[in-house]
Amino acid sequence: MPLSLLSPSPSTLCFLASTSSPSAEFTGQFPRLWSSRSRTGPALPVLTRASSEKDDDKPAFNPFGFVTDNPSSRSAIQMPESPAEDGNVGQMLYRTEDKGKEYGSYVKSGKFRWFVRETGSPESRRGTIVFLHGAPTQSYSYRLVMSQLSDAGFHCFAPDWIGFGFSDKPQAGYGFDYTEKEFHEEFEKLLEVLGVASPFFLVVQGFLVGSYGLTWTLKNPSKILKLAILNTPLTVSSPIPGLFQQLRIPFFGEFTCQNAVMAERFIEAGSAYVLKLEKADVYRLPYLSSSGPGFALLEAAKKANFSETASQISSGFAAGSWDKPILVAWGISDKYLPQSIAEEFQKANPRSVKLKLIEGAGHMPQEDWPEKVVDALRMFFQV
């Protein structure tokens, strides 16, 4: 047999470097996140750069970067003592299928079913808060925040956007094409079905659909009493994470969107912390259950105009355009969006925008440090 048939190609080595990095272990078909930093075990092999490469050279674009770019994740992943115990994909689904639906139920709105979390009651004395998540995550990230705020007297709703979490994931071209306009329209319908009276409090976080929560707000200022923003692109200088760039690459995007650990690794890469296994299971579950969530994210990423949306948000909330109270509660350890983004946004409208920096929190402060987020929101939403 020719030697060339036995030797891996450069592209194969690239793939192996991603899938055999210390941030992932293959159990069945999918990498599995290990839940504790204190666990010990044999470390996976690490592929290092060639000695001829200069240390100060800027690293080349790595299409698998969102899997491997979190140092804390790399140190936390360990090989299980008995790999066979992890089982196959079917067993993983069985183990996780009932997880992550705290406070949630299905709500029919128009042609679609939304999964909506609710705490408190319509009689809650302090008003209604609606929480909107970003891509590629789900409303699960707000479970602790909304639980504690309902104890403080608020009525809370947190839906999974269409195409995300446990909500419907229609195939593009069959009633929903994942455009900004359609996300706005379906959100309007959902608010009517939920009976959310205006004006209400709104909390928004994250990329893509998170940004659509802000552009919807700009079109409906009379429906908002106060707006709270957690780490979200707010200016034209806001960087776009590699994941969304990968999704827009022809053919490669289709491969990327079917990575079952995409959401959990995206969360970890934006934070200083490793997700515990029980949390990672929930963020992973939709992508394990079917190909629908991945293709929904793919379509949304392809249809998005990130620079135009950021421009709308930057100018729309600037002084002279917006005069309602805004709280920017910012996890300062965000590895996607630097603190300077929040500061630039606040300087553009200092009379309306209050900036609260949250130490110890990354891109998703509601997941990293929910108690600090609750404290900030309680003070801001006092009326």
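Worth saying up front: this structure is predicted, and the values here are computed from it rather than measured. Reckoned from all heavy atoms, side chains included, excluding hydrogens, waters and symmetry mates.
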Just by distance, no angles: are the side chains of Gln258 and Glu254 close enough, under 3.5 Å, to form a donor-acceptor pair?
no

Could you check Glu186 against Phe112 for side-chain contact (heavy atoms from CB on, under 4.5 Å), going step by step and ending with a plain yes or no?
CA-CA 9 Å; Glu186 295 304 325; Phe112 304 115; 3.7 Å; yes

Six-ring centre of Tyr287, Arg284 cation under 6.0 angstrom, axis tolerance 45°:
no

Are any non-hydrogen side-chain atoms of Phe164 and Pro293 less than 4.5 angstrom apart?
no

How about NZ on Lys372, more than 12 heavy atoms from neighbouring residues, nucleotides or ligands closer than 6.0 Å, or not?
yes

Closest non-hydrogen atom pair, Pro365 against Ile358
CB-CD1, 4.2 Å

Apply the side chain to side chain contact (heavy atoms under 4.5 Å, CB included) test between Glu264 and each candidate in Leu275, Val274, Asp281, Leu277; give the one that qualifies.
Leu275

Does some side-chain heavy atom of Ile229 sit less than 4.5 Å from a side-chain heavy atom of Phe345?
yes

Arg378 atom CZ, over 12 foreign heavy atoms within 6.0 Å
no

Evaluate the side-chain proximity of Pro325 to Leu227: yes if any heavy-atom separation is below 4.5 Å, no if none is.
no

Side-chain donor-acceptor contact under 3.5 Å, Glu359 with Trp369:
no

Among all residues two or more places apart in sequence or in another chain, which pass the ring pair (Phe, Tyr, Trp, His ring centres under 6.0 Å) test with Trp322?
Phe317

Residue that, paired with Glu180, satisfies side chain to side chain contact (heavy atoms under 4.5 Å, CB included) out of Leu208, Thr215, Val209:
Thr215

So do Phe295 and Lys169 actually touch side chain to side chain, heavy atoms under 4.5 Å?
no

I'd like to know whether the aromatic ring centres of Phe176 and Tyr174 sit less than 6.0 Å apart in this structure.
no

Count the heavy atoms of every other residue, nucleotide or ligand shown that sit under 6.0 Å from NZ of Lys303, and state whether that count exceeds 12.
yes

Taking the six-membered ring of Phe200 (Phe, Tyr or Trp), confirm whether the NZ or CZ of Lys223 is under 6.0 Å from its centre and within 45° of its axis.
no

Between Thr232, Leu357, Leu355, which is the residue that forms a side chain to side chain contact (heavy atoms under 4.5 Å, CB included) with Val328?
Leu355

Got a sec: does the NZ of Lys324 have more than 12 other heavy atoms crowding it under 6.0 Å?
yes

Which donor-acceptor pairs under 3.5 Å do side chains of residues 144-154 form with protein atoms, sequence neighbours excluded?
| residue | atom | partner | partner atom | Å |
| --- | --- | --- | --- | --- |
| Ser147 | OG | Tyr103 | OH | 3.3 |
| Ser150 | OG | Met146 | O | 3.3 |
| Ser150 | OG | Ser147 | O | 2.7 |

What distance do Asn220 atom CG and Leu202 atom CG have between them, rounded to the nearest 0.5 Å?
10.5 Å

Using distance alone, with no hydrogens and no angle criterion, decide if Glu344 and Ser237 have a side-chain donor and acceptor under 3.5 Å apart.
yes

Pairs under 3.5 angstrom only: tabulate donor-acceptor contacts from the side chains of residues 131-139 to other protein residues two or more places apart or in another chain.
| residue | atom | partner | partner atom | Å |
| --- | --- | --- | --- | --- |
| His133 | NE2 | Trp161 | N | 3.0 |
| Thr137 | OG1 | Gly134 | O | 2.9 |
| Gln138 | NE2 | Val282 | O | 3.1 |
| Ser139 | OG | Arg117 | NE | 2.7 |
| Ser139 | OG | Ala158 | O | 3.4 |
| Ser139 | OG | Asp160 | OD1 | 2.5 |

CD-OG distance between Gln171 and Ser291, expressed to the nearest 0.5 angstrom
9.0 Å

Under 4.5 Å between any side-chain heavy atoms of Leu297 and Cys257, yes or no?
no

Are Tyr106 and Phe166 close enough that their ring centres sit under 6.0 Å apart?
no

Taking atom types as modelled, is there a side-chain donor on Ser271 or Glu268 under 3.5 Å from an acceptor on the other?
no

So CG of Leu194 and CZ of Phe187: to nearest 0.5 Å the spacing works out to 9.0 Å

